[in-house]
> 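One structure, as structure tokens, below. Some questions next.
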Amino acid sequence: MLYEFNIPANARWSQNGVTVAGGNGYGNATNQLYHPEGLFVDDDQTVVITDHRNHRIIQWKNGDTTNGQVVAGGNGQGNGLHQLFRPTDVFIDKETDSLIICDWGNHRVVRWSRRSGTTQGEVLINNIDCYGVAMDEQRYLYVSDWNNDEVRRYHFGEKNGTLVAGGNGYGGGLSQFKQPHYLFVDRQENVYVSDSSNHRVMKWNKGATEGIVVAGGQGEGGALTQLNYPFGVFVDTLGTLYVADKGNQRVMRWPQGEKKQGTVIVGGNGEGAGANQFSYPEGLSFDRHGNLYVADWGNHRAQRFSIEKDL
């Protein structure tokens with residue numbers, strides 16, 4: 001159920017990204033995005049994107065970079081079951097062939113079937129200031145609550161959930177968050193959280209009452225020891241952490257146990273619209289081949305960076 005991959009420790013990626021979705025300015029046409037945030041890549045390299053300001057989830061199939069297909073929402077801003085309001089995160093639940101969506105503006109987590117003809121979703125969790133959503137191998141849902149500075153775990157059908165990280169108020173202590181955004185759950189049910197306003201990524205081991213700083217935590221900045229409003233996070237089977245370092249316009253890689261500094265794998269060339277640049281990257285994901293996908297928020301596009309084969 002988890003989407004971890006074997007990425008070689010010495011892996012490198014092309015420094016020039018290829019636009020696989022959007023890139024035609026902001027707008028609501030099927031060839032456009034408007035501030036994409038979270039994204040997820042399926043086994044067939046279909047990319048599913050939270051098209052935040054268009055209040056929809058849009059799917060772009062591998063090889064078709066001309067137009068996407070709206071697969072949830074797209075009926076204007078609203079709180080009807082056929083609508084979304086500024087969604088922030090999404091993943092595909094293979095077992096039920098459905099989309100699990102953080103419907104941020106509606107303070108809820110919803111599920112939409114991927115079957116053709118689906119016109120509305122169902123509410124899984126209500127009254128939560130969700131930003132990121134993930135699932136473990138036992139099919140528990142994990143949701144970051146950026147307003148209450150905590151992460152909770154839910155059975156399907158459960159409304160209140162169990163606190164698994166944070167929940168000790170807004171702050172910079174090891175038991176606290178300042179606006180947690182995206183998260184990743186590994187096979188041991190450890191939770192990685194982008195603690196954005198603390199400019200760090202935290203790892204909460206299963207059952208822990210405090211987190212461990214695994215990236216950043218040295219204040220806001222652009223050094224290799226620092227992060228600047230981290231957003232998307234991903235962890236491979238080696239325990240290597242990948243972070244969309246939004247304010248620094250780059251994606252970083254932090255090997256397991258290396259708390260001091262990371263390396264820039266793509267971006268880091270200033271804000272811009274070039275193939276080697278970002279404008280505030282947010283979501284990131286990998287396909288099963290190890291290619292990197294990034295939601296390039298300010299450029300209204302999703303970029304793919306191919307893994308180099310001569311390893």
Side-chain angles (χ1 to χ4, degrees), residues 4 37-38 88-89 102 104 129-134 142-153 163-186 188-236 238-268 278 280-285 292 294-295 297:
E4 290 175 304
E37 298 212 351
T88 52
D89 202 10
C102 174
W104 177 81
D129 287 308
C130 66
Y131 208 98
V133 62
Y142 293 70
V143 185
S144 62
D145 186 326
W146 69 274
N147 191 41
N148 288 316
D149 301 295
E150 65 185 24
V151 175
R152 301 188 81 84
R153 183 181 64 217
L163 181 72
V164 293
N168 294 298
Y170 178 88
L174 293 178
S175 66
Q176 296 176 302
F177 293 120
K178 286 184 179 178
Q179 296 182 322
H181 281 82
Y182 291 108
L183 69 162
F184 186 94
V185 185
D186 68 16
Q188 290 73 46
E189 298 173 28
N190 306 313
V191 184
Y192 295 78
V193 185
S194 57
D195 188 11
S196 294
S197 294
N198 276 321
H199 311 291
R200 66 189 185 184
V201 176
M202 302 293 289
K203 177 184 179 183
W204 285 66
N205 291 314
K206 183 179 180 181
T209 56
E210 286 189 344
I212 303 162
V213 179
V214 290
Q218 303 296 319
E220 175 186 348
L224 294 178
T225 58
Q226 295 176 301
L227 295 169
N228 186 352
Y229 292 101
F231 267 63
V233 290
F234 187 94
V235 180
D236 67 21
L238 296 175
T240 303
L241 170 70
Y242 301 83
V243 187
D245 190 9
K246 181 176 177 178
N248 284 321
Q249 320 294 345
R250 64 191 184 185
V251 176
M252 296 192 74
R253 172 178 173 137
W254 295 67
Q256 186 176 34
E258 180 53 73
K259 299 177 186 177
K260 293 182 180 174
Q261 69 176 47
T263 56
V264 178
I265 59 170
V266 292
F278 297 114
Y280 303 103
E282 291 214 356
L284 64 80
S285 189
L292 168 65
V294 183
W297 185 88

> Using side-chain heavy atoms (C-beta onward) and a distance below 4.5 Å, is Arg152 in contact with Tyr142?
no
> Check Ser196 against Pro230 and note the closest heavy-atom contact, atom names and distance.
OG-O, 2.6 Å
> Give the intermediate values and the outcome of side chain to side chain contact (heavy atoms under 4.5 Å, CB included) for residues Val214 and Tyr192.
CA-CA 9 Å; Val214 290; Tyr192 295 78; 4.2 Å; yes
> Using a 3.5 Å distance criterion without hydrogens, assess whether the side chain of Asn168 forms a donor-acceptor pair with backbone atoms of Ser175.
yes
> Check whether any side-chain N or O of His199 sits under 3.5 Å from a backbone N or O of Gly217 as a donor-acceptor pair, and report yes or no.
no
> Between Gln261 and Gln218, is there a side-chain heavy-atom distance shorter than 4.5 Å?
no
> Any side-chain heavy atom of Met252 within less than 4.5 Å of one from Tyr242?
no
> Tell me the closest heavy-atom pair linking Val233 and Leu284, and the distance in Å.
C-CD1, 4.1 Å
> Determine whether the side chains of Gln179 and Tyr131 contain a donor N or O and an acceptor N or O closer than 3.5 Å.
no
> Calculate, to the nearest 0.5 Å, the distance between atoms CD and CH2 belonging to Glu37 and Trp104 respectively.
8.0 Å
> Are Gln256 and Leu241 packed together at the side-chain level, in the sense that at least one heavy-atom pair is separated by less than 4.5 angstrom?
no
> Would you find a donor on one side and an acceptor on the other, under 3.5 Å apart, between the side chain of Asn190 and the backbone of Lys206?
yes
> Do Asn228 and Asp245 have side chains that get closer than 4.5 Å, going by heavy atoms?
yes
> For Phe231 and His181, take the angle between the two ring planes, folded into 0 to 90°, and tell me which bin it lands in: parallel under 30, tilted 30 to 60, perpendicular over 60.
tilted
> At what distance, to the nearest 0.5 angstrom, does CG of Asp149 lie from NZ of Lys178?
10.0 Å
> Could you measure the distance from the CD atom of Glu282 to the OG1 atom of Thr88? Nearest 0.5 Å is fine.
9.0 Å
> Under a 3.5 Å distance rule, please check whether Asn248 uses its side chain to pair with a backbone N or O of Arg250 as donor and acceptor.
no
> Quick one: does Trp297's side chain get under 4.5 Å of Pro281's, heavy atoms only?
no
> First locate atom OG of Ser285, then atom CZ of Phe184, and finally report the distance between them rounded to the nearest 0.5 Å.
8.5 Å
> Can you measure from CG (Leu174) to CD (Glu210) and round to the nearest 0.5 angstrom?
5.0 Å
> Shortest non-hydrogen contact from Val143 to Leu183?
N-CD1, 4.3 Å
> Do you see a donor-acceptor pair shorter than 3.5 Å between the side chains of Tyr182 and Asp89?
no
> Taking the side chain from Asp186 and the backbone from Gln188, do they hold a donor-acceptor pair closer than 3.5 Å?
yes
> Could you pull out the closest heavy-atom pair between Val294 and Phe278, with the gap in Å?
CG1-CE2, 3.7 Å
> Check Ser144 against Pro180 and note the closest heavy-atom contact, atom names and distance.
OG-O, 4.0 Å
> Measure the CG-CD distance between Asn148 and Glu150 for me, rounded to the nearest 0.5 Å.
5.0 Å
> Of the non-hydrogen atoms in Glu220 and Gln226, which two are nearest, and what is the gap between them?
O-NE2, 3.5 Å
> Is Val213 close to Met202 at the side-chain level, that is, under 4.5 Å between some pair of heavy atoms?
yes
